[in-house]
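The structure appears right after this line, and notes come after that.
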Amino acid sequence: MPIATPEVYAEMIDRAKREGFAYPAINVTSSQTLNAALRGFAEAESDGIIQVSTGGAEYLSGTTVKDMVTGAVAFAEYARVVAKKYKVNIALHTDHCPKEKLDGFMRPLLKISQERVARGEEPLFQSHMWDGSAVPLDENLKIAQELLEECVKARAIMEMEIGVVGGEEDGIVGEINEKLYTTPEDALKTAEAVGLGEKGQYLLAATFGNVHGVYKPGHVKLRPSVLKEIQDAVGQKYGKEKPFALVFHGGSGSLLSEIHEAIEYGVVKMNIDTDTQYAFTRPIADHMFKNYDGVLKVDGEVGNKKLYDPRSYGKAAEAGMAARIVQACQDLKSTGKTLAK
């Protein structure tokens, strides 16, 4: 299947919310991790979201080029070609973009999509995330209003965040404090500022104790009930059941019961990065440890070309990451539910 059209992506989100499941959103940084994500979704017969962060896009452009837009465009164009070989729908998304990187990342990419749409083509990306968690809520919402208008012109969905995700991702640090929990008041202000779909479709990353990165259960207290509280508060005011399509950030180490409870309250997208990074790297480490004398020219020997060929351990890494994505689809209940059937 080709990359999802705006209409297909909108239906993906609506169906997940309606039927009570969520899509894994997999961060990638290379063609190999992209192929692993595609393979994982295909093996699970699940539609999905593949995304690139500002740091991932910069890395994709080349370690000496370091241009986020170049890397993001290259990723999206490559994905369009290889995704056609898989029988699932894939949406392309740009992850966390803070205020200081809007002009160098999200806004230029929206402009490219707007130009493509004006020529009768599909947008480059199907959705973009504005991360306003580091600015006051009023400023966050003001910028969100402007960006939502631009996303509508680009036929793209906006993702926004209210509250703060703790931990660190791509140099963005969130402290672990009371701001980890979005309040009903925050949600009501959000609905008033950007609407509930009539001004343009958006996804809402509301926080309920989420932390980016690696942590053991118990390090931070997830409270999925926060999501129910904001859905109920806004739903009561506007006469809608579960008015928000929610996003779960920082889910590494979460209990399956917590994930399922969050889905029950309207989560349709869950970001997964730390766990898939490990699943990709672990087979490479295993290959290197087991084949030390082959991948290195030890004691004047010549090594073993078959073992230091990047394809030998790259295949294992791809398989490991794909398997973790299959597990993610099972955990989020998206297995077997592709619209392509």
Side-chain angles (χ1 to χ4, degrees), residues 9-26 47-49 51 91 93 95-96 126-133 137 140-141 144 148 151 157-166 174 179-197 199-212 222-238 240-252 254-273 328-329 331-334:
Y9 189 30
E11 174 55 25
M12 283 169 56
I13 293 169
D14 291 344
R15 184 186 179 197
K17 188 177 177 184
R18 185 173 64 246
E19 298 183 11
F21 66 93
Y23 298 104
I26 307 300
D47 297 327
I49 301 165
Q51 58 193 26
H93 175 78
D95 201 12
H96 292 273
Q126 285 66 60
S127 54
H128 298 272
M129 183 189 176
W130 149 236
D131 184 353
S133 61
L137 182 61
N140 181 351
L141 295 178
L148 183 58
C151 284
I157 293 170
M158 182 183 74
E159 180 181 331
M160 61 179 292
E161 183 173 318
I162 56 174
V164 175
V165 177
K179 292 183 180 178
L180 292 179
Y181 304 97
T182 300
T183 66
E185 290 74 24
D186 295 338
L188 286 164
K189 285 185 178 180
T190 300
E192 183 178 351
V194 293
L196 292 174
K199 298 179 181 179
Q201 189 171 9
Y202 66 92
L203 305 173
L204 182 65
T207 56
F208 53 103
N210 322 57
V211 174
H212 282 135
L222 284 178
R223 286 169 38 204
S225 60
V226 166
L227 302 180
K228 183 179 188 302
E229 291 168 7
I230 69 171
Q231 294 277 39
D232 287 350
V234 175
Q236 183 177 4
K237 180 175 180 179
Y238 291 92
K240 291 187 175 183
E241 184 180 359
K242 297 184 197 173
F244 295 117
L246 298 173
V247 181
F248 188 156
H249 286 260
S252 298
S254 300
L255 298 174
L256 189 59
S257 60
E258 294 170 331
I259 293 171
H260 287 174
E261 186 179 357
I263 292 172
E264 182 182 340
Y265 300 145
V267 164
V268 298
K269 173 180 182 278
M270 180 173 172
N271 289 13
I272 300 173
D273 188 16
C329 292
D331 291 346
L332 297 181
K333 307 180 182 181
S334 68

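Keep in mind the model is a prediction, meaning the values are calculated, not measured.
Between atom OG of residue Ser133 and atom CD of residue Glu161 there is a gap of 4.5 Å, rounded to the nearest 0.5 Å. Remark: Asn271 CG to Glu159 CD distance equals 6.0 Å, nearest 0.5 Å. A distance of 15.0 Å separates NZ of Lys228 from CZ of Phe208, quoted to the nearest 0.5 Å. Atom CG of residue Leu203 and atom CE of residue Met129 lie 10.0 Å apart, to the nearest 0.5 angstrom. With rounding to the nearest 0.5 angstrom, the CG atom of Leu188 is 8.5 Å from the OG1 atom of Thr183. The distance from atom CZ of Arg223 to atom CD of Glu261, rounded to the nearest 0.5 Å, is 11.5 Å.
A distance-only check finds a donor-acceptor pair linking the side chain of Tyr23 to the backbone of Met12 [under 3.5 Å]. The closest donor-acceptor contact from the side chain of Gln231 to the backbone of Phe244 lies under 3.5 Å. Here the side chain of His260 pairs no donor or acceptor atom with the backbone of Leu255 at under 3.5 angstrom. With hydrogens and angles ignored, the 3.5 Å screen pairs a side-chain donor or acceptor of Tyr202 with a backbone N or O of Gly195. At distances below 3.5 Å, at least one donor-acceptor pair connects side-chain atoms of Thr182 with backbone N or O atoms of Ile162.
The heavy-atom pair separating Ser127 from His93 by the smallest distance is OG-ND1, 2.6 Å. Here the closest heavy-atom approach between residue Ala191 and residue Tyr238 is recorded as CB-CE1, 3.8 Å. Nearest heavy atom pair, residue Gly20 against residue Lys333, reads O-CD, 3.9 Å. Minimum interatomic distance between Val267 and Ala22 (heavy atoms only, all atoms of both residues): O-CB, 3.6 Å. The two atoms that bring Lys240 and Leu196 nearest to each other are NZ-O, 3.5 Å, heavy atoms only. Between Leu222 and Glu258, the shortest heavy-atom contact is CD1-OE1, 3.4 Å.
Considering only residues two or more places apart in sequence or on other chains, Glu19 meets the salt bridge (Lys or Arg N to Asp or Glu O under 4.0 Å) condition with Arg15. Residues meeting the salt bridge (Lys or Arg N to Asp or Glu O under 4.0 Å) test with Glu11, sequence neighbours left out: Arg18. Residues passing the salt bridge (Lys or Arg N to Asp or Glu O under 4.0 Å) test with Asp14, sequence neighbours excluded: none.
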Test log, rule side-chain contact (heavy atoms from CB on, under 4.5 Å), inputs Asp186 and Ile230 = CA-CA 8 Å; Asp186 295 338; Ile230 69 171; over 6 Å; no
Tell me, with the steps shown, if Met270 and Asp331 meet side-chain contact (heavy atoms from CB on, under 4.5 Å).
-> CA-CA 11 Å; Met270 180 173 172; Asp331 291 346; over 6 Å; no
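Screening Asp131, Leu141, Val247 for a side-chain contact (heavy atoms from CB on, under 4.5 Å) involving Met160 leaves a single residue, Leu141. A side chain to side chain donor-acceptor pair (under 3.5 Å) with Gln51 is found for exactly one of His96, Lys269, His128, namely Lys269.
Environment of NZ in Lys242: crowded, with over 12 heavy atoms of neighbouring residues, nucleotides or ligands closer than 6.0 Å. Taking a 6.0 Å sphere around NZ of Lys189, one finds it holds 12 or fewer heavy atoms contributed by other residues, nucleotides or ligands.
Side-chain contact between Val226 and Tyr265 is absent, with no heavy-atom pair separated by less than 4.5 Å. Using a 4.5 Å heavy-atom threshold, the side chains of Phe248 and Ile263 count as separate.
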